[in-house]
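The block underneath contains the structure these notes are about, expressed in structure tokens.
Treat the numbers as computed from the prediction; the structure is a model and nothing was measured. Chain naming here is simple, since letters A, B, ... match the order of the sequence lines and numbering starts at 1 in each.
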Protein chains: 2
Amino acid sequence: MYKYSIGDLARAAATKVQTIRYYEETGLMPEPMRTAGNQRRYDETALNRLSFIRHSRQLGFSLDSIKALLHLTDNPDQSCQQANQIAVEQLVEVESRIARLNDLRKELVRISQSCKGGTMADCKVIETLSEHSLCDCS
Amino acid sequence: MYKYSIGDLARAAATKVQTIRYYEETGLMPEPMRTAGNQRRYDETALNRLSFIRHSRQLGFSLDSIKALLHLTDNPDQSCQQANQIAVEQLVEVESRIARLNDLRKELVRISQSCKGGTMADCKVIETLSEHSLCDCS
DNA sequence: CTTGAACCTACAGCTACTGTAGAATTTGCA
DNA sequence: TGCAAATTCTACAGTAGCTGTAGGTTCAAG
Ligand SMILES: [Zn+2]
Ligand SMILES: [Zn+2]
Ligand SMILES: [Zn+2]
Ligand SMILES: [Zn+2]
């Protein structure tokens with residue numbers, strides 16, 4: 001039943017051992033069973049929870065958002081509106097990051113195209129990097 | 001000549017006072033003149049340098065990259081190849097971030113569309129958030 | 001039963017700032 | 001000139017989300 005050591009869990013969820021302990025410290029993962037010798041032992045439920053956390057992290061959710069989502073799932077009678085709201089907020093956030101990065105990309109293209117080779121004295125890269133007036137970046 | 005207090009400089013470059021002191025600590029900004037009462041006083045050169053740093057930061061360059069760029073400009077006889085290389089690396093980095101965020105966006109859309117309202121027990125948001133198998137995210 | 005891998009706690013360090021405390025200085029106004 | 005308010009000074013702690021290290025203990029294979 002409690003078959004996973006912390007290292008097993010780490011391997012199974014592609015995480016570092018310290019990260020799991022960190023999640024426990026910060027209340028994202030519950031305190032697991034311990035062996036007589038004080039080592040952590042986990043079950044399938046813990047693995048599912050950790051996988052959920054890791055995947056949400058890969059999607060860019062903050063630990064606070066993940067904590068909120070996990071809290072909501074612990075109360076299955078609640079409306080799912082809040083959970084969906086968190087997802088939508090994350091979507092909005094990702095979309096605005098994309099928009100911003102697209103602006104940056106444009107500017108970086110302009111900057112690297114301004115280099116025609118030569119010495120620093122002649123090169124326009126630094127100069128162009130200084131000119132905020134020509135750019136859209138916030 | 002040395003007309004700017006640290007607060008003036010902060011206002012002029014849209015920075016916080018502490019950030020300027022931090023840049024000084026970490027060697028990005030040189031140590032400025034001081035008044036008899038030990039307060040920092042800056043000139044136009046310092047403002048230019050700070051503006052360069054701030055704009056580069058907005059473009060996503062790390063402080064290390066900025067330090068390298070500043071070091072290169074201090075040696076105007078050098079080839080500009082390294083400077084351009086730093087800019088191109090940053091461009092590549094930004095492009096890969098955009099690509100990744102586009103994947104995330106797709107997945108977040110899928111997730112938020114899976115919610116049809118109801119209770120947490122019925123809602124597919126959490127479930128879909130757990131399913132890494134259906135997604136492209138690394 | 002030994003040995004080496006994995007585990008334990010506790011703490012420091014990473015990036016790039018930001019905030020705070022408590023003291024000193026500067027500045028504007030009467 | 002005098003005084004209060006704003007600004008500055010240093011030093012240090014805190015933020016997110018881990019990651020790495022030291023020094024010691026426990027587990028599992030042979
Ligand atoms: Zn060039
Ligand atoms: Zn710009
Ligand atoms: Zn729902
Ligand atoms: Zn995914």
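Atom OH in A:Y22 sits roughly 18 Å away from atom P in C:dC8 (whole-Å rounding). Rounded to a whole Å, the CG atom of B:L9 is 11 Å from the P atom of D:dC9. Here the P atom of nucleotide C:dT25 and the CG atom of B:D8 are 19 Å apart, to the nearest Å. One atom, CD of B:Q18, and another, C1' of D:dC9, lie 12 Å apart when rounded to the nearest Å. For the pair B:E24 CD and C:dC17 P, the computed distance is 15 Å after rounding to whole Å. Spacing between atom CD1 of A:I66 and atom P of D:dG17 amounts to 8 Å, rounded to whole angstrom units. In this structure, CZ of B:F61 is placed 14 Å from P of C:dC17, rounded to the nearest angstrom. The distance from atom CD of A:E25 to atom C1' of D:dA16 is 14 Å, rounded to the nearest whole Å.
Within the 4.0 angstrom heavy-atom criterion, only backbone atoms of the sugar-phosphate kind lie near A:Y23; the bases stay farther away. Heavy atoms of A:T26 sit nowhere under 4.0 angstrom from any nucleic acid atom. In this structure, B:R11 reaches neither bases nor backbone, as no heavy-atom distance under 4.0 Å exists between it and the strands shown. Using a 4.0 Å heavy-atom distance criterion, A:S62 is classed as a sugar-phosphate-only contact. As judged by a 4.0 angstrom heavy-atom cut-off over every strand, B:R21 is placed among the base-contacting residues.
Following chains of ILVMFWY side-chain contacts shorter than 4.5 Å, one can reach B:L9 starting from B:L28, so the two form part of one hydrophobic cluster.
One finds a salt bridge joining A:E107 and A:R110 here, because a Lys/Arg side-chain nitrogen approaches an Asp/Glu carboxylate oxygen to under 4.0 Å.
Interatomic distance, A:R49 CZ to A:E44 CD, rounded to the nearest 0.5 Å: 15.5 Å. A:I53 contributes atom CD1, which lies 9.0 Å from atom OG1 of A:T15 (distance to the nearest 0.5 angstrom). Summarising the geometry, atom CG belonging to B:D103 is positioned 12.5 Å from atom CD1 belonging to B:I98; distances are rounded to the nearest 0.5 Å.
Put simply, A:R40 has a side-chain N or O that comes within less than 4.0 Å of OP1 or OP2 on C:dC8. Contact annotation: B:R57 reaches the phosphate of C:dC17 (side-chain N/O to OP1 or OP2, under 4.0 Å). For the OP1/OP2 pair of D:dT19 and a distance below 4.0 Å, the side-chain nitrogens and oxygens of A:T19 include at least one atom meeting the criterion. OP1 or OP2 of C:dG19 sits under 4.0 Å from a side-chain N or O of B:K16.
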Counting primed atoms, P, OP1 and OP2 as sugar-phosphate and everything else as base, the B/S/- map of nucleotides 25-30 of chain D against protein heavy atoms under 4.0 Å is -SS---
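Side-chain contact of A:N48 with A:T45: a donor-acceptor pair under 3.5 Å is absent, judged by distance alone.
For the pair B:S114/B:E127, no side-chain contact is recorded, criterion being any heavy-atom separation below 4.5 Å from C-beta on.
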